[in-house]
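Have a look at the structure below, then the notes.
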Amino acid sequence: MSPETTLPRRWLGRVRRRGITARRAVRAAHPDVSVVVVLDGEVGPARRALEAARAQTHARVEVLAVAADERLLALAKAAEADDGRVHVVEAPGCDRARARAFGAVAAEGPWLLHVAPGQVLRRDAVARLLAGRAQGPHDAGVVLGGLGGADPGDSWARTPLLGRLLVEQERWARALDDGEPAGQTAATGMLALGHVHLGAVVVDDVRERPAWWSSSRDPFAELSARVAQDRASLALLEHDDQLRDRRARAAGALTADLPTVLAGAELLDDEGWRLLHAHAAELLSLADPGAVPVTVRAAAWLAAQDRREDLVAHVAARRAAGGHLATEVVDGRVLALLPEAGPLPEEVRELTPAESGVAARVVDQRVAGSELVVDLQVGLRRVDEHAPVVRLEAVGAGGATLSDLPVALSGDPAVTTWLAEAHQSHDTGAVRTRLPLAALGEGDWELRVEVADRGVTRAATAAGSVSARGAATATATPDLSAREQQRLQDAWAASTDELDPRLLLAVPTRAGLTSDAEVLAARWTDHAGPGARVLVAVDDLDRPVPAGTEPVLRRSAEWYAALARASWVVTDHDDVLGTTDTDTAAGATGDGWWAPRAGQRVVRTTTGGPGPARGLARWRRLGLVPSHVEQLLDRTSRRWTDALAPVPALVRHVVEDWAYDGPVLALGQPRTDPLLAPDAADRRDRVRASLGIAADDTAVLWAATCRDDVTGTCLAAAGGPGPDAARVADLLGPGHVLLRLHPHCGSHDPARGAARVLDVEDRAVADLVLAADAAALDFSPLRHDLAVAGRPAVVWVPDLADHVDRQGELFDLPASTAGPAPATTEAVVESLVDVPALRARWESRRQELVGHLAHLDDGGAADRVLAALLAT
């Protein structure tokens with residue numbers, strides 16, 4: 001395209017954009033609704049809340065971006081510069097109640113809608129809420145919309161209320177917003193005076209909610225505030241005609257607000273326990289029990305009955321079960337089996353209809369003669385099927401129905417796999433039906449499914465529509481069945497196989513790090529003698545494993561057999577099996593079914609080097625309750641029979657941070673052996689040649705991980721630094737190659753003439769360390785491996801303070817890195833332009849670090865470790 005044709009197009013594009021901006025500005029001058037968005041906390045949720053407010057389809061909307069966190073002020077100003085409807089309100093350091101007040105004062109619209117991070121408005125939320133005013137009395141000053149994922153008819157039981165409450169400006173001015181972050185009491189007060197209930201969903205609550213059994217840092221302080229807020233809300237619903245709303249609000253308090261306090265009950269003193277006991281009894285006496293999930297209801301009932309020990313045991317058992325729940329069917333009711341809680345009445349153990357509802361989906365449809373043949377997968381959740389009876393009807397446009405469709409049931413274990421329940425079988429849930437093509441017409445039809453089994457009857461609409469076109473329906477089913485896993489675990493527990501003294505099972509780190517377990521596995525056969533065998537646990541059988549070893553797929557039957565027969569289990573993971581990251585998931589406990597067999601040796605590889613806080617140091621920072629810590633110790637260090645440390649000075653970290661009293665070998669780090677081997681230089685040349693890196697190219701290992709708050713366009717839009725591999729490649733230019741270990745972190749491809757960017761996540765990390773001349777990292781422990789290999793590292797950690805506050809670091813990160821910690825993209829590039837100079841500047845620091853943390857690393861650590869293990 002010639003410049004003559006390009007320029008007018010560009011000019012017209014500018015005109016259109018300016019026209020859109022002008023129209024928005026005119027509409028915003030006289031808004032119907034002011035959406036007050038409180039910006040605090042992390043960047044990602046705040047950005048989503050703000051973008052959703054800006055995306056409203058209703059034309060006359062004003063968006064007040066109330067920056068209660070100074071870090072988010074740039075994000076708000078960027079939105080204001082881009083959109084004339086957005087106005088920034090600066091409220092640094094304010095809590096959410098005060099921030100809402102600032103926003104309401106600045107609002108120009110006669111109606112207000114308050115949202116906060118974690119709440120995402122649907123695009124038509126404002127339009128639907130305004131239209132909903134016509135459904136009630138003309139003087140109704142409040143419209144309540146539905147919450148995504150909840151029953152639209154459940155107007156009170158689910159929080160947040162303010163995020164779906166359109167309220168008249170004058171009524172809000174008379175309300176008391178008493179300081180609660182969610183504004184529940186203020187919202188309840190306005191609703192109690194009369195409101196229009198809109199059934200349509202207007203907002204989604206996308207906050208990350210840990211399982212309810214996760215513990216509380218300060219349960220008494222949270223309980224005191226919770227009791228005051230619940231009682232204030234319930235007091236506003238004291239009239240006889242508000243009994244239904246009062247019951248729903250109490251159920252909402254039990255479901256959404258009280259569980260975290262119940263989970264931390266073991267930390268309460270006597271006064272706190274008495275308060276929890278009384279409040280749980282009060283809520284249970286008011287609530288509709290059918291709206292409260294069974295495990296929460298049981299916990300609240302135990303508190304109300306003053307059975308504290310049983311409550312603590314119940315919480316610990318739910319944590320260990322990871323959401324799986326065994327049940328029984330009695331007289332048409334689905335009852336939870338909760339033996340850890342002691343005797344419970346049947347009405348306390350009964351699952352809600354939502355917990356035991358129908359799950360159904362269309363998996364295939366095809367035309368056969370004059371009929372449409374449809375295959376479905378159907379099951380009753382948490383009901384171990386016995387003799388299910390399925391009824392089907394099709395519902396089309398305008399309410400047309402085809403009733404009593406033919407149903408053929410058959411066996412298919414894939415249904416059980418799809419429903420992913422460890423204690424229930426749904427193998428006979430494969431359903432086939434036939435619909436007459438002549439009755440279907442051109443439109444799409446939904447299938448209404450009813451399932452009955454031993455008196456339990458539930459109904460739902462199947463996921464996926466059907467039509468006369470017979471288009472195939474795309475479905476995905478997990479490869480592994482939770483039910484089959486349970487069977488294999490039970491078989492493992494019953495196994496009497498003898499241990500094989502020459503069999504070693506290695507459980508390496510997943511990706512992005514070098515592995516001690518793999519290096520030890522590669523040397524095992526040289527030490528264990530004739531007949532020695534090594535299995536390496538992998539998540540993908542295509543993943544390469546060390547020469548002379550065999551891959552075994554995690555969670556396969558062969559994997560369970562190896563766990564039963566291997567005399568040696570060598571793991572890079574805290575929880576031995578590598579199935580759960582116990583350091584980052586506060587509610588995770590690992591796999592409770594496994595424990596070392598008599599005579600089995602479990603070797604935990606090197607810990608205590610540079611990296612995040614782990615073990616007790618991490619769990620105390622998270623505020624885990626004692627029973628949770630005990631569970632984590634049972635599934636981590638209490639399974640180890642041997643542990644490794646890099647050097648003697650770091651042995652204390654293994655002992656103190658893990659309450660570990662077994663032997664610790666401080667003989668160097670096996671994972672650094674390939675970096676210091678006699679053939680390391682030749683290996684470097686081979687790797688670089690295979691990647692097409694010329695001898696005079698500068699290779700940079702780009703190993704920065706993706707964090708929504710600080711990487712890519714998100715932080716750049718918030719006014720902060722946001723370097724990614726592609727941006728750095730553009731600035732470095734030819735002669736440089738970036739080895740991108742996490743390809744999804746690149747937001748765009750580099751321009752022509754820039755440095756090359758190679759995605760290398762399928763390569764051995766030790767090979768990449770050797771091939772690189774320098775590296776760009778953030779919190780990765782790879783900085784230690786790079787120092788051992790003689791490579792400098794640039795660490796980009798603009799969120800260092802937040803990271804240390806949230807997770808902690810065993811060593812000061814900048815001080816334990818052989819390289820600078822620049823704050824901007826330009827500074828990152830400047831550090832990498834001249835790698836020889838960078839190496840020279842930081843060589844003394846590198847030698848100091850190696851002397852302190854790796855003076856035993858000489859390329860022979862694996863041989864020393866294996867010789868020592870086999871000698872004991």
Residues in side chain to side chain donor-acceptor pair (under 3.5 Å) contact with [X], at least two apart in sequence or another chain:
| X | result |
| --- | --- |
| Thr571 | none |
| Arg839 | none |
| Asp858 | Arg864 |
| Asp526 | Arg523 |

[X]: partners by salt bridge (charged side-chain N to carboxylate O under 4.0 Å, His left out), with sequence neighbours left out:
| X | answer |
| --- | --- |
| Glu848 | none |
| Glu656 | Arg652 |
| Arg533 | Glu550 |
| Asp767 | Arg683 |

All side chain to side chain contact (heavy atoms under 4.5 Å, CB included) counterparts of [X], not counting sequence neighbours:
| X | result |
| --- | --- |
| Asp679 | Ala677, Arg686 |
| Leu869 | Trp568, Arg601, Val603, Asp642, Leu665, Val865 |
| Arg638 | Glu630, Leu633, Asp634 |
| Asp40 | Val38, Ala68, Asp69, Arg96, Pro117 |

side-chain hydrogen bond (donor to acceptor under 3.5 Å, both in side chains) between Thr605 and Arg671, worked out: CA-CA 10 Å; Thr605 59; Arg671 70 174 183 267; over 6 Å; no

Over all atoms of both residues, closest heavy-atom pair of Ser637 and Trp658: OG-O, 2.7 Å

For Val651 versus Ala645, what's the shortest heavy-atom pair and its separation? CG2-CB, 4.0 Å

Answer whether the closest heavy-atom distance between the side chains of Leu739 and Val687 falls below 4.5 Å.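 SC-SC contact between Leu739 and Val687 ruled out.
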
